Chemist: 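This is the structure I want to talk about, given as structure tokens.
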Amino acid sequence: MTELFRKTAAELGALLAAGEVSAVEVAQAHLDRIAAVDSKVKAFLHLSADTTLAQARAVDERRAQGEKLGPLAGVPIAHKDIFTTADMPTTAASKILEGWRPPYDATVTSRLRAAGLVILGKTNLDEFAMGSSTENSAYGTTHNPWDLGRIPGGSSGGSSAAVASYEAPLSTGTDTGGSIRQPAAVTGIVGMKPTYGGSSRYGLIAFASSLDTPGPFGRTVLDAALLHEAFSGHDPCDSTSIDAPVPPVVEAAKNPDVAGMRIGVVKEFGGEGYQPGVLARFREAVELLESLGAKVVEVSCPSFAYALPAYYLIAPSECSSNLARFDAMRYGLRVGDDGTRSAEEVMALTRAAGFGPEVKRRIMLGTYALSSGYYDAYYGQAQKVRTLIARDFDAAFHQVDVLVSPTTPTTAFPIGERADDPMAMYLADLCTIPANLAGNAAMSVPCGLADEDDMPVGLQIMAPVLGDDRCYRVGAAVERALESRWGGPLLAKAPAL
Amino acid sequence: MSAITRDEVAHLARLSRLALAEEELDHFAAQLDQIVGAVARVAEVAADDIPPSSHALPLTNVFRPDEVRPCLTPEQALSGAPAVEDGRFRVPRILGEEA
């Protein structure tokens, strides 16, 4: 029998439902795997075996009492440390929240618990989800399981690395400019950014509120769909949450049929700045979809060329406002309160000591873009570009059912390579940002290894608002066809840790 | 275009309540200047007649009934506070002290 920790969430759910394994056994197998490999991968910021096993015991008891449980009951999950958890610290990988124990659970957290998912621990991220590599974490960098010298993507890099290294079958992420899809792409797993408002932001520590979207990671498209369904849907605690049914994502993941679907290749994403091996795998994936009966056309989205600059005005502007809450008064770090300093001085000392360089850069950039005299030229103009990007999507989705592109221009880069060059780091989000600005659904699914470096490449599938199920249908079709070509999942090719 | 000077970073840091060290000002000035230079490309887009979008979805105000609901206890609300006194957040002085 395959080791328990190598099984998919769907497989584990079936074994648990059949009573062939207990949730405690499954949790222990993953805790053992974490103990064996996390000193190399460093995916987790907080682990508490006692808390994890207590959750698993509770699920086993509910099952023993005959309670009807969902398909993921007893399945372990790694939880991004940006969602509040009342029984574990929540830091957003920032020194300003070191040791903070939130008094309440995020909606995503409470829905994981209600579904019987067993939380293994909290995963590393770029501080406040600002970055593409986890190098901006105040607590160290997570390593890519495919090559420990490379980044695991970011900001949800702890979550992608945990799933890619078999420490957890599932994990949560948040995607503001690509923070789920880019880490999924560079670690060879599936990552989904749901439609904005499809999953609740309540208890998600805010970075850019008009963009932040919780979403799932899994090693298979079906696993991602099961998790997507478990924590999504309307939440009265988040006034931007959509009051509509969750799209039929699990059904779509089980029906990988693209015959007759119209698929648009985004003309603007390719060429200069893209790694040849990434483009080669992307072209093969498009040919594969065509061979499966999809109709492929090229689609032009001219405003996408301005998505990156627009995003790096809009996201920092929102961040400069959101992070004003870290004022050293009600929770978190307080520095320099010696009885002689004013509240304002303590605030400025605390924020200087508690925030890392990228967070400071973005707060100041946002403050600049919003200041009088610059507002119209920067923030106002970026908002107009946002409208144009949404219009490009609308026009495209009149012609096609989904759009595809490479998820990232390159494979995972070496740790340290872009750490001191913010603009180079920002380019990692080039292809993922438009879907955040327009709010539509988008997925990354593995499509092979680049010839240059044998590192994973992701195919991005973008669908209209509330068309999340289309991503799963196309993603599952690509997964099934490629796995039959490869003779197994892409992750089977990853070197042993 | 060169937009951000060292003095401007010092001003932004004050507005942002960030007590930056002298050497940080130089470092951030160079980086912010580069970033602002890059993001200024949004000006190339002809968008005079385009309405701005502050949000991805068309949203109107969302209301809920004004009802008493369970909430945090004072102990829970104060549980993460750096300093507490008499069941309240204790903060450094906010008003200027009398001479």
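Letters A, B, ... mirror the listed sequences (proteins, then strands); counts begin at 1. Values below: every heavy atom of this structure, side chains too, minus hydrogens, waters and symmetry copies. Because the structure is predicted, anything quoted here is derived from the model rather than measured.
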Chemist: Please classify the contact between B/Arg64 and chain A as side chain, backbone, both or neither, with a heavy-atom cut-off of under 4.5 Å.
Modeler: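 Looking at B/Arg64, nothing touches chain A.
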Chemist: With rounding to the nearest 0.5 Å, note down the distance linking CZ in B/Arg17 to CZ in A/Arg351.
Modeler: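 Separation between the atoms: 8.5 Å.
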Chemist: What is the distance from atom CZ of B/Arg41 to atom OH of A/Tyr306, rounded to the nearest 0.5 Å?
Modeler: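 Reported to 0.5 Å precision, the distance equals 5.5 Å.
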Chemist: Side chain, backbone, both or neither: which part of A/Leu437 has a non-hydrogen atom closer than 4.5 Å to chain B?
Modeler: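 Backbone only.
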Chemist: Looking at B/Thr73, B/Leu15, B/Leu12, which has the largest count of heavy-atom pairs under 4.5 Å with chain A?
Modeler: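 Top option by heavy-atom pairs under 4.5 Å: B/Leu12.
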Chemist: For A/Ala324, is it the side chain, the backbone, both, or neither that has a heavy atom closer than 4.5 Å to a heavy atom of chain B?
Modeler: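 A/Ala324 has no heavy atom closer than 4.5 Å to chain B.
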Chemist: Under 4.5 Å from any heavy atom of chain A, what part of B/Ile35 do you find: side chain, backbone, both or neither?
Modeler: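 When you check distances to chain A, atoms from both the backbone and side chain of B/Ile35 fall under 4.5 Å.
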Chemist: What part of B/Glu75 gets within 4.5 angstrom of chain A, counting heavy atoms only: side chain, backbone, both, or neither?
Modeler: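 Neither part.
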Chemist: Which pair of heavy atoms, one from B/Phe89 and one from A/Arg330, lies closest together, and at what distance?
Modeler: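 Here B/Phe89 and A/Arg330 meet closest at CE2-O, 3.3 Å.
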Chemist: Looking only at heavy atoms, which two atoms of A/Arg386 and B/Ser54 are closest? And how far apart?
Modeler: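 Between these two residues, the closest heavy atoms are NH1-O, 3.4 Å.
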Chemist: With chain B as the partner, which of A/Val385, A/Asp421, A/Thr195, A/Ile242 has the greatest number of non-hydrogen pairs under 4.5 Å?
Modeler: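 Most pairs with chain B among the choices: A/Val385.
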Chemist: Only pairs of heavy atoms separated by less than 4.5 Å count here; which of A/Pro357, A/Ala377, A/Ser303 has the most with chain B?
Modeler: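 Counting heavy-atom pairs under 4.5 Å, the top option is A/Pro357.
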Chemist: Under 4.5 Å from any heavy atom of chain B, what part of A/Tyr311 do you find: side chain, backbone, both or neither?
Modeler: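 Neither part; nothing is under 4.5 Å.
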Chemist: I'd like to know which of A/Leu313, A/Leu349, A/Val346 tops the heavy-atom pair count under 4.5 Å against chain B.
Modeler: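 Highest number of heavy-atom pairs under 4.5 Å: A/Leu313.
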Chemist: Tell me whether the count of non-hydrogen atoms from other residues, nucleotides or ligands lying under 6.0 Å of CZ in B/Arg6 goes above 12.
Modeler: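 Yes, enclosed.
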Chemist: Against chain A, label B/Val84 side chain, backbone, both or neither, depending on which of its atoms sit under 4.5 Å from a heavy atom there.
Modeler: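 Contact with chain A: none, neither part.
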Chemist: Tell me if the CD atom of A/Glu344 is crowded by more than 12 foreign heavy atoms within 6.0 Å.
Modeler: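 At most 12 heavy atoms, drawn from other residues, nucleotides or ligands, come within 6.0 Å of this atom.
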Chemist: Pick one of side chain, backbone, both or neither for A/Ser320, based on which atoms fall under 4.5 Å of a heavy atom in chain B.
Modeler: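 For A/Ser320, there is no contact with chain B at all, as no heavy atom is under 4.5 Å.
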Chemist: Just verifying a value: how many Å separate A/Ser342 OG and B/Ile94 CD1, rounded to the nearest 0.5 Å?
Modeler: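 Atom-to-atom, A/Ser342:OG and B/Ile94:CD1 are 9.5 Å apart.
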Chemist: Is A/Asp337 close to B/Arg90 at the side-chain level, that is, under 4.5 Å between some pair of heavy atoms?
Modeler: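 They are in side-chain contact.
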Chemist: B/Ser16 versus chain A, heavy atoms under 4.5 Å apart: side chain, backbone, both or neither?
Modeler: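 Both parts, heavy atoms under 4.5 Å.
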Chemist: For a 4.5 angstrom cut-off between non-hydrogen side-chain atoms, does A/Asp420 reach B/Gln31?
Modeler: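 No, their side chains stay 4.5 Å or more apart.
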Chemist: Decide if atom NE2 of B/His11 counts as having more than 12 heavy atoms of other residues, nucleotides or ligands within a radius under 6.0 Å.
Modeler: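 Open: at most 12 neighbouring heavy atoms sit under 6.0 Å from NE2 of B/His11.
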Chemist: Who wins among B/Asn61, B/Val62, B/Val42 for the most heavy-atom pairs under 4.5 Å with chain A?
Modeler: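 Of the options given, most contacts go to B/Val42.
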Chemist: Would you mind telling me which of A/Ala343, A/Ser210, A/Ala352, A/Gly439 has the largest number of heavy-atom pairs within less than 4.5 Å of chain B?
Modeler: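 Counting heavy-atom pairs under 4.5 Å, the top option is A/Ala343.
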Chemist: Tell me the closest heavy-atom pair linking B/Ile50 and A/Arg391, and the distance in Å.
Modeler: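 Taking B/Ile50 first and A/Arg391 second, the nearest heavy atoms are CD1-NH1, 3.4 Å.
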Chemist: When rounded to the nearest 0.5 angstrom, what is the spacing between CG in B/Leu32 and OG1 in A/Thr367?
Modeler: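 If I round to the nearest 0.5 Å, the distance is 10.0 Å.
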Chemist: With side chains defined as the heavy atoms from C-beta onward, is the minimum distance between A/Tyr368 and B/Val36 less than 4.5 Å?
Modeler: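 With C-beta onward as the side chain, the pair touches.
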Chemist: Within this structure, what is the CZ-CE distance for the pair B/Phe28 and A/Met364, rounded to the nearest 0.5 Å?
Modeler: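 Result: 4.5 Å between the selected atoms.
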Chemist: How far apart are the closest heavy atoms of A/Arg341 and B/Arg93, and which atoms are they?
Modeler: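 Scanning both residues completely, I find the closest heavy atoms to be C-NH2, 4.1 Å.
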Chemist: Can you tell me how far the CD1 atom of B/Ile4 sits from the CG atom of A/Leu365, to the nearest 0.5 Å?
Modeler: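 The CG atom of A/Leu365 is 7.5 Å from CD1 of B/Ile4, to the nearest 0.5 Å.
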Chemist: Given that the side chain runs from C-beta out, which part of B/Val39 has a heavy atom under 4.5 Å from chain A: side chain, backbone, both or neither?
Modeler: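 When you check distances to chain A, atoms from both the backbone and side chain of B/Val39 fall under 4.5 Å.
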Chemist: Check B/Ala38 against A/Met423 and note the closest heavy-atom contact, atom names and distance.
Modeler: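 Heavy-atom minimum between the residues: CB-CE, 3.5 Å.
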Chemist: Should B/Leu57 and A/Thr240 count as side-chain neighbours, where that means a heavy-atom distance under 4.5 Å?
Modeler: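 No, their side chains stay 4.5 Å or more apart.
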Chemist: Looking only at heavy atoms, what is the nearest atom pair of B/Ala43 and A/Gln381, with distance?
Modeler: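 Closest approach of B/Ala43 to A/Gln381: CA-NE2, 4.0 Å.
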Chemist: Answer yes when A/Lys384 and B/Asp49 have at least one side-chain N-carboxylate O distance shorter than 4.0 Å, and no when they do not.
Modeler: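 The answer is no: the pair does not qualify as a salt bridge.
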Chemist: Given the options A/Pro236, A/Ala348, A/Ser209, which has more heavy-atom pairs under 4.5 Å with chain B than any of the others?
Modeler: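 Ranked by contacts with chain B, first place is A/Ala348.
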Chemist: At a heavy-atom distance under 4.5 Å, which candidate from A/Ala310, A/Pro422, A/Pro102, A/Gly366 has the highest pair count against chain B?
Modeler: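 Answer, by heavy-atom pair count under 4.5 Å with chain B: A/Pro422.
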Chemist: Could you check whether any side-chain heavy atom of B/Gln76 comes within less than 4.5 Å of a side-chain heavy atom of A/Tyr104, counting everything from C-beta outward?
Modeler: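 A side-chain contact is absent here, since even the closest heavy-atom pair is not under 4.5 Å.
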